[in-house]
Amino acid sequence: MSLPKSYCASEHEDRIYALWEKSGFFNPNNLGKRARPFSIAMPPPNATGTLHIGHCMMLVLQDLMIRYHRMIGDKALWVPGTDHASIATQNKVEKLLAKEGKTRHDLGREKFLEHVAEYAEKSRNTIRNQIRKVGASCDWSRERYTLDAGLSKAVSEVFIRMYSDGLIYRDYRIVHWCPRCHSTLSDDEVKYRPEKTKFYYFKFGPVVIGTARPETKFQDKTIVVHPDDPRYKQFIGQEFTAEWIDGPITAHMIADPIVDPAFGTGAMTITPGHSFEDFDLAKKYQRPIVKIIDEDGNLTKESGSFAGKNARESREEIVARLDKKGLLDHIEENYEHNLSVCYRCDTALEPLPSLQWFVSVSQAVPTYSKSLKDLMRDAVESSRVTIIPKRFEKTYFHWIDNLRDWCISRQIWFGHQLPVYYCKKEKKGCGEIIVAHVAPDTCPKCNTPDLVRDEDTLDTWFSSGLWTFSTLGWPDATEEKHGRMNKTGDLATFHPTSVMETGYDILFFWVARMILMSEYALGEEPFHTVYLHGLVLDVEGKKMSKSKEETLIDPLDVIPTYGADALRASMVVGVTPGNDLRLNAEKIASYRNFVNKLWNIARYILEFDVAAEPEKDAKKKTTLSLADTWIISRLNATVREATSHIKKYRFSQASEVLRSFTWDELADWYIEVAKIEGGKRNILFSILRTVLALWHPFIPFVTETLYQQYREIAKDTFDKKSLPPEILMIHPWPTAQKKYENKKAEEDFGIVQQLIQTIRNARVENGITAAQKIQAVFFSSTRTDLLHAHQPHLKRLASLDFITVLEKGDKPTNAVFLKVHDIEVYLPLGLMKMEDEKKRMLADVRKIETRATSVRQLLSDGQFLAKAPKNIIKKEQERLAQYQDALAHLREQLTKFT
RNA sequence: GGGCAUUUAGCUCAGUUGGUUAGAGCGUUCGGUUUACAUCCGAAAGGUCGCAGGUUCGAAUCCUGCAAUGCCCACCA
């Protein structure tokens, strides 16, 4: 079998993935005896979505870590799964139903849920395939879904525990309400959109008040002013009658420092039912909470003659009525404020009072005598959880400090229904609330049958907060021993998980809540390290979205064209944690080129070099050439550096190190040298194997494909015992050995490289074509051996046809003069323009003089000599010596121009 | 309003704890049928490291201020 000239990813990728999957090594149980666990819980994509480029980012980074850890011998587990994503999914399915002219109510709860489940299952199949396309080596046998029985049990279990700990409670209070989703939202699910609107001023009793929302003001009976405001001081505490929308109304004036006298008229009425601030004020001063707008966005009976009308649409009519009564003072146009909108559907939210379930974040948890806020803060403060990049720790603490109780009940159908049952008074019950996994047949208090389950479902983040441990079998995977709950099975082995890798955009939604849940339920952190990646942006720097097709990069389009490996590389190279990535097709193409380069390096080694040297060095033990010790030294340094970068989560830098070794050193130098020296079969084989292993976590498909070829050939050559593993995925990670690093070889080969590069440069500058061979004369008092040994290299790589190496003697005149370390090179070009050469040399002299002057100055600076470290001073002295040496030679050479 | 970040070559971005001449990819220019690769090879050009101060023997790197851009949080009735 021979390898084609270029790598065609689509011909190999599916086959290679199947090979991995069949091997069983995605499952750590099949990896043999391994002591150290390494685990990642894959952030579950929405079950009804399809993967976009952002998902690729997480898959690539996590797969990189998992593959690396699998190779260094860890028990590596990556748990995949999907999230039911309650609101998002329900919205999506409702939209599809709407196309058929139906609503969920036409189907009824049960039928609707069946419909959603069916749809989700189809999408999940697509997602599974997409994850495979990217090359993710996750353990499919452990795949989970947030609505699985086990995970649902975990949800109820946490709810029940929190309820009995007094952390979950039910309360009537103002909440964020999305009239379109017909559900409450948590504070974090609210987005703000800047909006320009009208700001109205109305006469209200003795004062003028301002408002942007007249339609909420029907029952405003409290005026608040600043206690020190001289305009209103006389009215504070008074009660008076004001003419209002539906006739006279009795109102109070109170004073509170929260009012800004400079805003509007300095007097405001409060609307406790429809403003968070006003709600707090109303609680403080014990004013009634009146619901003016209902869940459909319509005005309630509290609005008198307007009852039943849509609130926002009635605004102008209400203003007109007040105007007619002479109560409209004036209108301010273009009032700028932020409108709160639903993060899922962008609909303007309606704050309204409602009876809902909440998680208290400030009340002490009995077991820990600490609040959930404290638990969340402690985990990061104590460094049990570290966030990369570190700056997000600040953001995290700030979020915790401002956190309010978490509204967890949602009025949608799709999700985990609350494990709450009511013994309803309407059904002759006692009003008892029962929180349990399963409904009791009768009320435990009054024995009334027919308990009614709460219709609401839980916030989707409540269940995803449990993800790291619910996926590993909690709560069943625990047993009581000596009065303590101990973890068993996977939960014991893999929890806390090692790394949570996700986008910074869900730090609050998800990462924080996982910490909350794990700290509460298990008393331990959910993960040790949080690695936050940035967003994938298009060429214009905007977040990629389906609505902008021209700049959208869809992974499913890219993979067939450029290959999954190229896509993967583009998400790693030059990408740093927490920073956004601007992606375009050219970038991906450049990594496709690299993948192809690697392909051809392997192709040369596996086919051409072997063919050229069939038997020669298979058995014979050859002595190593300078180039050999050089490349071995460089490879070892590369292994050492790349490993160190990966350990420190600097994946981009690791890939940089690998790229420059592979392309610049191995391909451009060593393979070219191998063609000259010959007999490199063993050493090239060994280098290739190491290089493939090093690249494998980054670009697994091409490396595995090549490794399979490598192993085919190795099978015929190696004895069975030293045969490497069948698949690269479980090949041991290369280890660096200090004894192979050779500074002298790097220096000496570096001189050969510099000589060749310097001569090449001189050739181009003097207009000598590549085909034209020239002569060179080398003078060196100390390196004649090096020069003699590398005559063939110099000849071929610098296109020379005749070389003279001398220790001393007469220097050629009218020749181009070059200098590398102590080696002088003369290129007698005969016909060239010596005037140009003279100019070039004079320019060189000036350049070096400038540098020498600055170093000389530095070295004559007493402060520098006194305070700088000795090695730095020594370096500078060496530099100066080099400059002086070079200058002396240049000047000497210049004298030869007549 | 508060906070975080970014600002380095034409473009996209690296640059560990301050220490030679600040790097890469793409792009540009010049030259190439070298028997692995034109998805390639060789050579080169291109940077006051946003601006202004400061600390230091020494600053892209640390500190202060300013500017531009982006994001997050809060939100005034």
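Below, chains carry the letters A, B, ... as their sequence lines are ordered, and counting in each starts from 1. Computed from a prediction, not measured in an experiment: that's the story for all the values here. These values consider heavy atoms only, across backbone and side chains, with no hydrogens, waters or symmetry-generated copies.
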Spacing of A:Ile873 atom CD1 relative to B:rU20 atom P, expressed in whole Å: 15 Å

A:Phe276/A:His176 under ring-ring contact (aromatic ring centres under 6.0 Å, His included): CA gap, chis, key distance, verdict: CA-CA 9 Å; A:Phe276 282 81; A:His176 296 287; 4.3 Å; yes

Counter-base of B:rC71, judged by Watson-Crick or G-U geometry with both distances under 3.5 Å: B:rG3

Touch class at under 4.0 angstrom, heavy-atom based, for A:Arg650 against every strand present: base

Separation of atom OH in A:Tyr591 from atom P in B:rG25, rounded to whole Å: 10 Å

Check: A:Thr638 side chain, A:Leu658 main-chain N or O, donor-acceptor pair, under 3.5 Å: no

Main-chain N/O of A:Ser340 paired to A:Arg193 side chain as donor or acceptor, under 3.5 Å: no

Sugar-phosphate, base or nothing in reach of A:Tyr883, heavy atoms under 4.0 Å: base

Between B:rG19 (C1') and A:Glu878 (CD): distance, integer Å: 14 Å

N/O donor-acceptor pair, side chain A:Asn596 with base B:rC37, under 3.5 angstrom: no

A:Leu800 CG - B:rU34 P separation (whole Å): 18 Å

OP1 or OP2 of B:rG31 under 4.0 Å from side-chain N/O of A:Thr769: no

Nearest-neighbour nucleotide for the A:Arg582 side chain, B:rC13, B:rC40, B:rC73 considered: B:rC13

Length of the CG-P vector between A:Leu537 and B:rU69, whole Å: 17 Å

A:Trp663 side-chain proximity, nearest of B:rC73, B:rC37, B:rC40: B:rC40

Interatomic distance, A:Asp580 CG vs B:rC4 P [rounded to whole Å]: 18 Å

A:Asn579 side chain, from C-beta outward: closest of B:rC72, B:rA36, B:rA5: B:rA5

Phosphate OP1/OP2 of B:rC40: any A:Asn600 side-chain N/O under 4.0 Å: no

Nucleotide nearest A:Gln757 (side chain, heavy atoms from C-beta), chosen from B:rG19, B:rA43, B:rA36: B:rA43

B:rC37 base / A:Lys597 side chain donor-acceptor hit below 3.5 Å: yes

Side-chain N or O of A:Arg391 closer than 4.0 Å to phosphate OP1/OP2 of B:rC4: no

Rounded distance (Å) that lies between atom P of B:rU12 and atom CD1 of A:Ile588: 16 Å

Donor-acceptor pair (no angle test) under 3.5 Å: A:Gln653 side chain, B:rA24 base: no

Closest nucleotide among B:rU16, B:rC41, B:rU39 to the A:Asp668 side chain: B:rC41

Assigned partner base of B:rG42, Watson-Crick or wobble definition, under 3.5 Å: B:rC30

Contact under 4.0 Å: A:Lys394 side-chain N or O vs B:rC4 OP1/OP2: yes

Per A:Phe864 side chain, nearest of listed nucleotides B:rA36, B:rG19, B:rC73: B:rG19

Options B:rA36, B:rC57, B:rU35, nucleotide nearest the side-chain atoms of A:Arg796: B:rU35

Side-chain donor/acceptor of A:His330 to backbone N/O of A:Tyr201, under 3.5 Å: no

Within the 6.0 Å centroid threshold, strictly below: A:Phe701 and A:Tyr7: no

Length of the CG-P vector between A:Leu797 and B:rU35, whole Å: 14 Å

Options B:rA14, B:rA43, B:rA36, nucleotide nearest the side-chain atoms of A:Phe608: B:rA36

Any A:Lys5 side-chain N or O less than 4.0 Å from OP1/OP2 of B:rC40: no

